A.B. asks: 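Got a structure for you, written out below as structure tokens; questions coming shortly.
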Amino acid sequence: MKNAEHGRVAPRSLIRLQHWLSPVFPTGAYSYSHGLEWAIESNQIHDRAGVVDWLDADLRFGSARNDAIFFVEAWRCAAGGDHARLLETAELAAACRATSEFALEASQQGASCLATLREVWRDPAIDALLEGLRQRRIPPALPIVIAVRSATEGVPVGTALCAFVYASVSNIVTASVRLIPLGQTDGQRALAELERSILDASERALTACIDDLGSAALMVDFASMLHETQYTRLFRS
């Protein structure tokens with residue numbers, strides 16, 4: 001396990017991970033803002049600094065932190081062949097969504113990712129995951145699916161986790177570029193400023209466990225709830 005967690009990533013596996021987390025992979029990530037659309041509409045956020053603060057808080061105290069913990073737990077279950085614990089983790093990951101929009105965001109992307117992986121990069125672990133989820137009627141949360149496939153691909157958990165967290169943050173920054181709007185350069189500045197937060201969140205998740213789950217980023221959850229009834233909107237969350 002130790003070697004699997006900390007070993008080097010093969011070039012082909014790295015390319016695949018980058019592809020699975022890229023905007024061209026058909027998960028529909030571009031249609032979600034994770035509550036940011038309401039925060040911008042209500043003038044809670046109106047510039048780059050606001051976007052950075054909002055995402056930093058989510059990485060430290062909110063659902064982004066929880067997803068990082070779920071990712072590590074699922075990766076270790078898959079790498080260790082503990083299918084029963086993997087399904088328990090998947091069920092908890094599906095349930096730990098503060099709002100209906102966050103639940104949709106996780107499950108729709110998870111289902112799309114799972115379907116595409118099965119069509120293009122077949123893997124027995126993914127087939128087993130799908131069957132287990134179907135039997136228990138568990139929606140497939142995106143961090144679980146990516147973690148399992150990363151583990152079977154041989155991508156070390158630290159590398160896979162950083163890439164996953166970065167991709168999630170990058171998608172929300174892209175939404176802010178469209179909504180505020182920020183210029184493309186300011187969007188890149190925001191991502192550069194969030195590098196430390198992404199690395200810190202990943203490092204903390206690697207030493208955390210399921211018992212450490214929890215959220216204190218209430219404004220992110222409130223933003224999602226209020227977005228459900230927002231009159232004019234571009235995003236699904």
Side-chain angles (χ1 to χ4, degrees), residues 20-21 25-36 58-59 61-118 123-152 157 160-161 163-165 167-169 171-172 201-202 205 208-218 220-225 227-228 235-237:
W20 300 333
L21 295 173
F25 197 70
T27 60
Y30 65 89
S31 62
Y32 297 97
S33 78
H34 203 70
L36 193 71
D58 198 31
L59 286 165
F61 310 113
S63 55
R65 171 184 177 274
N66 286 340
D67 274 351
I69 295 173
F70 284 129
F71 188 102
V72 173
E73 184 71 15
W75 188 101
R76 289 174 174 160
C77 288
D82 194 340
H83 189 64
R85 185 169 177 80
L86 173 61
L87 291 178
E88 291 174 0
T89 302
E91 187 169 22
L92 188 58
C96 284
R97 304 293 155 182
T99 71
S100 62
E101 287 194 351
F102 283 169
L104 173 66
E105 184 177 318
S107 62
Q108 184 274 307
Q109 291 186 71
S112 297
C113 181
L114 195 55
T116 305
L117 288 173
R118 293 187 72 243
D123 183 89
I126 287 295
D127 292 337
L129 175 64
L130 177 60
E131 183 59 28
L133 294 175
R134 282 177 173 171
Q135 289 180 2
R136 293 197 181 195
R137 298 182 181 179
I138 302 170
L142 183 63
I144 302 298
V145 178
I146 293 292
V148 170
R149 192 60 185 86
S150 297
T152 60
V157 62
L161 175 62
F164 173 79
V165 175
S168 300
V169 169
N171 182 70
I172 301 175
S202 300
C209 66
I210 291 298
D211 291 339
D212 296 312
L213 290 168
S215 175
L218 294 178
V220 178
D221 295 339
F222 290 156
S224 175
M225 295 174 192
H227 185 266
E228 293 178 15
F235 294 86
R236 300 181 73 182
S237 75

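Computed from a predicted structure; not experimentally measured. Counting from 1, the numbers follow the sequence of the chain as shown.
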A.B. asks: Is any side-chain heavy atom of Q109 less than 4.5 Å from a side-chain heavy atom of N171?
C.D. replies: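 Of all side-chain heavy-atom pairs linking N171 with Q109, none is under 4.5 Å.
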
A.B. asks: Would you indicate whether the side-chain heavy atoms of L213 and L92 approach each other to under 4.5 Å?
C.D. replies: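 In contact.
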
A.B. asks: Could you give all pairs that pass the salt bridge (charged side-chain N to carboxylate O under 4.0 Å, His left out) test and reach residues 88-114, with sequence neighbours left out?
C.D. replies: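 Only D67-R97, E91-R136, E101-R233 qualify under salt bridge (charged side-chain N to carboxylate O under 4.0 Å, His left out).
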
A.B. asks: Would you please name every residue forming a side chain to side chain contact (heavy atoms under 4.5 Å, CB included) with T116, sequence neighbours left out?
C.D. replies: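 If we apply the side chain to side chain contact (heavy atoms under 4.5 Å, CB included) test to T116, skipping adjacent residues, the hits are F25, P26, V120.
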
A.B. asks: Just wondering, do D123 and L117 contact through their side chains at under 4.5 Å, heavy atoms?
C.D. replies: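 L117 does not reach D123 side chain to side chain.
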
A.B. asks: Would you give the length of the straight line joining atom CD1 of I210 to atom CG of N66, rounded to the nearest 0.5 angstrom?
C.D. replies: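 Taking CD1 in I210 and CG in N66, the distance rounds to 9.0 Å.
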
A.B. asks: Just to verify, what does D127 make a side chain to side chain contact (heavy atoms under 4.5 Å, CB included) with, not counting sequence neighbours?
C.D. replies: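 Per chain and number, D127 pairs via side chain to side chain contact (heavy atoms under 4.5 Å, CB included) with R118, R122.
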
A.B. asks: Determine whether F164 and L142 make a side-chain contact, defined as any pair of heavy atoms from C-beta on separated by less than 4.5 Å.
C.D. replies: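 When only atoms from C-beta onward are counted, L142 and F164 do touch, with a gap below 4.5 Å.
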
A.B. asks: Quick one: salt bridge (charged side-chain N to carboxylate O under 4.0 Å, His left out) pairs with a partner in residues 107-117, sequence neighbours left out?
C.D. replies: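 Qualifying pairs: none.
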
A.B. asks: Only counting residues at least two apart or in another chain, list the ones meeting side chain to side chain contact (heavy atoms under 4.5 Å, CB included) with A205.
C.D. replies: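 Result, side chain to side chain contact (heavy atoms under 4.5 Å, CB included) vs A205: A68, I69, V72, L161.
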
A.B. asks: Mind jotting down which residue pairs meet the side chain to side chain donor-acceptor pair (under 3.5 Å) criterion with at least one end in residues 137-148? Sequence neighbours excluded, please.
C.D. replies: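 Of all non-adjacent pairs touching residues 137-148, none passes side chain to side chain donor-acceptor pair (under 3.5 Å).
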
A.B. asks: Tell me, please, which residues at least two apart from S224 pass side-chain hydrogen bond (donor to acceptor under 3.5 Å, both in side chains).
C.D. replies: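 By the side-chain hydrogen bond (donor to acceptor under 3.5 Å, both in side chains) rule, S224 matches T99.
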
A.B. asks: Is it true that a side-chain atom of R65 and a backbone atom of G214 form a donor plus acceptor pair closer than 3.5 Å?
C.D. replies: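 Judged by distance alone, yes, a pair lies under 3.5 Å.
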
A.B. asks: If the condition is ring pair (Phe, Tyr, Trp, His ring centres under 6.0 Å), which residues does F102 pass it with, not counting sequence neighbours?
C.D. replies: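 F102 satisfies ring pair (Phe, Tyr, Trp, His ring centres under 6.0 Å) with H34 only.
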
A.B. asks: So, using side chain to side chain contact (heavy atoms under 4.5 Å, CB included) as the criterion, who are the partners of A78 when residues are at least two apart?
C.D. replies: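 Once residues adjacent in sequence are excluded, the partners of A78 under the side chain to side chain contact (heavy atoms under 4.5 Å, CB included) criterion are V148, A151.
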
A.B. asks: Of all residues at least two apart in sequence or in a different chain, which pass the ring pair (Phe, Tyr, Trp, His ring centres under 6.0 Å) check with H227?
C.D. replies: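 Partners of H227 by the ring pair (Phe, Tyr, Trp, His ring centres under 6.0 Å) criterion come out as none, since no residue qualifies.
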
A.B. asks: Return yes if some donor-acceptor pair links the side-chain N/O of S107 with the main-chain N/O of A141 below 3.5 Å, else return no.
C.D. replies: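 Flag not set: sc S107 to bb A141 has no pair under 3.5 Å.
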
A.B. asks: Taking all heavy atoms of E228 and all of S100, pick out the closest pair and write down the distance.
C.D. replies: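 Shortest heavy-atom separation between E228 and S100 comes out as OE2-OG, 2.9 Å.
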
A.B. asks: Mind checking the CD1-CD spacing from I126 to E131? Nearest 0.5 Å is all I need.
C.D. replies: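 It comes to 13.5 Å.
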
A.B. asks: Name all residues meeting the salt bridge (Lys or Arg N to Asp or Glu O under 4.0 Å) criterion together with R236; count only those two or more places apart in sequence or in a different chain, and write none if there are none.
C.D. replies: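 In terms of salt bridge (Lys or Arg N to Asp or Glu O under 4.0 Å), with neighbours along the sequence ignored, R236 is linked to no residue.
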
A.B. asks: Residues in ring pair (Phe, Tyr, Trp, His ring centres under 6.0 Å) with Y32, at least two apart?
C.D. replies: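 So Y32 forms no ring pair (Phe, Tyr, Trp, His ring centres under 6.0 Å) with any residue.
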
A.B. asks: Would you say the side chain of I146 lies within less than 4.5 Å of the side chain of C113, judging by non-hydrogen atoms?
C.D. replies: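 Of all side-chain heavy-atom pairs linking I146 with C113, at least one is under 4.5 Å.
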
A.B. asks: To the nearest 0.5 Å, tell me how far L87 CG sits from C77 SG.
C.D. replies: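 Taking CG in L87 and SG in C77, the distance rounds to 9.0 Å.
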
A.B. asks: So, for V145 and P140, which heavy atoms are closest and what is the spacing to 0.1 Å?
C.D. replies: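 Residues V145 and P140, closest heavy atoms: CG2-CB, 4.2 Å.
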
A.B. asks: Side chain to side chain contact (heavy atoms under 4.5 Å, CB included) for F71 and I144? Distances and angles first, verdict last.
C.D. replies: CA-CA 6 Å; F71 188 102; I144 302 298; over 6 Å; no

A.B. asks: Can you name the closest pair of heavy atoms from A147 and A74 and give their distance?
C.D. replies: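 Looking at all heavy atoms of both residues, the closest pair is CB-CB, 3.8 Å.
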
